[in-house]
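Below is one structure, written out as structure tokens; the observations come after it.
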Amino acid sequence: MQPGRTRTQLQRLREPARSSCPPAVSTEPAIEVTNLELSYGSVQALRKVTFSVSSGEIFGLLGPNGSGKTSLFRVLTTLSSPTAGSISVFGENLLQAPGGVRRFAGVVFQSQSLDRKLTVTENLRHQGHLYGLRGPALRRRIADVLDQFGLSERASDIVEFLSGGMKRRLELAKSILHRPLLLLLDEPSTGLDPGARREFWQYLEALNRDDRTTVLVTTHLMDEAEKCHRLAVLNEGVLVALDTPEALKSRVGGDVIVLRTPHAQQLSLSIGSWFGLPVAVVDNTVRIERPKGHEFITDLVESFPGQIDAVTLSKPSLEDVFIHMTGHAFWESSH
């Protein structure tokens with residue numbers, strides 16, 4: 001992309017949006033990752049990962065611990081250099097000009113980056129100084145984000161006395177103080193109770209909707225992944241699926257039937273042979289994907305009396321997608 005075009009794009013994306021409008025998702029990518037690889041010695045953390053994030057999108061990186069999502073996040077935030085591949089952020093080459101990318105990205109790390117001995121306002125003031133903000137402009141911006149995140153009445157409070165939810169709100173306020181076009185968050189709701197998690201995501205969705213901020217978030221939580229416009233599902237450094245949550249779930253072949261039995265492997269072989277369909281054993285349970293699963297359950301129980309202890313039937317979830325794509329449970333090693 002030509003430099004002039006980049007400036008035009010950034011100016012356009014900074015224009016205020018009407019809160020009644022849906023997120024402005026552009027066909028021009030905010031992030032473009034191509035054949036990204038990252039190795040730590042003999043360990044290959046990322047393997048030819050390729051995806052793009054559209055402007056105005058909430059994009060999720062979903063995977064269990066060890067899937068590579070935090071390694072990818074470290075590359076995107078310029079903390080790690082990839083072994084191979086390329087990344088562009090709003091047309092800027094991240095590997096050649098990391099400083100330029102940092103100027104229009106905000107970051108919320110999994111571990112807190114607040115100074116616990118300073119007040120809420122002092123934390124924001126120091127963050128503003130890092131981005132060259134000073135004087136009345138900085139004071140106005142601090143007042144704006146304090147109001148935006150419901151922190152105005154806590155402006156003079158020492159950070160160490162804030163609740164976990166309040167601290168996370170302050171982290172988010174810090175990350176957008178310089179009005180970034182892109183917000184990068186690594187497991188941002190770690191340690192929050194369910195109520196604080198819901199509140200935090202409401203703030204994220206408001207930033208995306210009202211300010212057209214592009215959001216990329218890593219998570220291992222299925223309910224958070226459901227809130228994303230699109231998901232990249234990672235497993236052992238490989239991108240195994242990429243689509244909207246609904247489209248991903250549609251890849252699962254019908255309803256999901258899970259059978260609990262003392263002899264999962266033996267029963268799975270018998271069911272597969274009897275009905276001529278694919279059957280999997282996952283976490284010592286028998287798992288079947290089948291349209292009209294409620295009708296098939298009757299046939300199963302009648303065909304194998306006394307061999308099934310319990311049956312569950314459900315519509316496909318994102319965890320089922322992960323099992324469908326990898327052959328193992330979300331928190332289970334495939335080795």
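Along the sequence shown, residues are numbered consecutively beginning with 1. Here the structure is a predicted model, which is why all the values come from computation and not from measurement.
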Got a second to check how far [X]'s [atom1] is from [Y]'s [atom2], nearest 0.5 Å?
X    : Y    : atom1 : atom2 : answer
E32  : L94  : CD    : CG    : 13.0 Å
R168 : L114 : CZ    : CG    : 8.5 Å
I142 : N123 : CD1   : CG    : 10.0 Å
L79  : T70  : CG    : OG1   : 11.5 Å

So which atom in [X] and which in [Y] form the shortest heavy-atom distance, rounded to 0.1 Å?
X    : Y    : result
V108 : F73  : O-CZ, 3.9 Å
A329 : F322 : O-CE2, 3.6 Å
S39  : T83  : N-OG1, 2.9 Å
T78  : P98  : CG2-CB, 3.7 Å
S314 : D320 : OG-OD2, 4.4 Å

Find out if a path of hydrophobic residues (ILVMFWY) with successive side-chain heavy-atom gaps under 4.5 Å connects [X] to [Y].
X    : Y    : value
V53  : L184 : yes
V282 : L313 : no
I158 : L146 : no

Self-check item: Set of ring pair (Phe, Tyr, Trp, His ring centres under 6.0 Å) partners for F149, sequence neighbours left out
Solution: Y203
Quiz prompt | Worked check of side chain to side chain contact (heavy atoms under 4.5 Å, CB included) between I176 and Q148 | solution = CA-CA 11 Å; I176 68 155; Q148 185 173 3; 3.7 Å; yes
Quiz prompt | Working for side chain to side chain contact (heavy atoms under 4.5 Å, CB included), residues S175 and V107 | solution = CA-CA 6 Å; S175 71; V107 182; 5.9 Å; no
Exercise. Give the C-alpha distance, both sets of side-chain angles, the deciding distance and a yes or no for side chain to side chain contact (heavy atoms under 4.5 Å, CB included) between I288 and F275.
Key: CA-CA 11 Å; I288 304 166; F275 290 102; over 6 Å; no
Quiz item: Is the NE2 atom of H263 crowded by more than 12 outside heavy atoms at less than 6.0 Å?
Solution: no
Quiz item: Can you pull the salt bridge (charged side-chain N to carboxylate O under 4.0 Å, His left out) pairs that have at least one residue in residues 133-150, sequence neighbours excluded?
Solution: none
Self-check item: Inter- and intrachain pairs under salt bridge (charged side-chain N to carboxylate O under 4.0 Å, His left out), touching residues 36-46, at least two apart
Solution: E37-K48
Practice problem: Apply side chain to side chain contact (heavy atoms under 4.5 Å, CB included) to the pair L151 and L124, showing each step before the final yes or no. | Solution: CA-CA 11 Å; L151 293 167; L124 292 171; 5.9 Å; no
Quiz item: Only one of I58, L207, V217, L216 forms a side-chain contact (heavy atoms from CB on, under 4.5 Å) with L183, so which one is it?
Solution: L207
Quiz prompt | Contacts of type side-chain hydrogen bond (donor to acceptor under 3.5 Å, both in side chains), residue S80, not counting sequence neighbours | solution = R74
Quiz prompt | Qualifying side chain to side chain donor-acceptor pair (under 3.5 Å) pairs, either residue in residues 185-200, two or more places apart | solution = K69-E187, R169-E199, D186-T218, E187-H220, S189-E224, R197-D223
Quiz prompt | Selection residues 239-257 - residue pairs positive for side chain to side chain donor-acceptor pair (under 3.5 Å), sequence neighbours left out | solution = E226-K249, E246-K249, D255-K315
Quiz item: So, do H178 and F104 have ring centers that fall under 6.0 Å from each other?
Solution: no
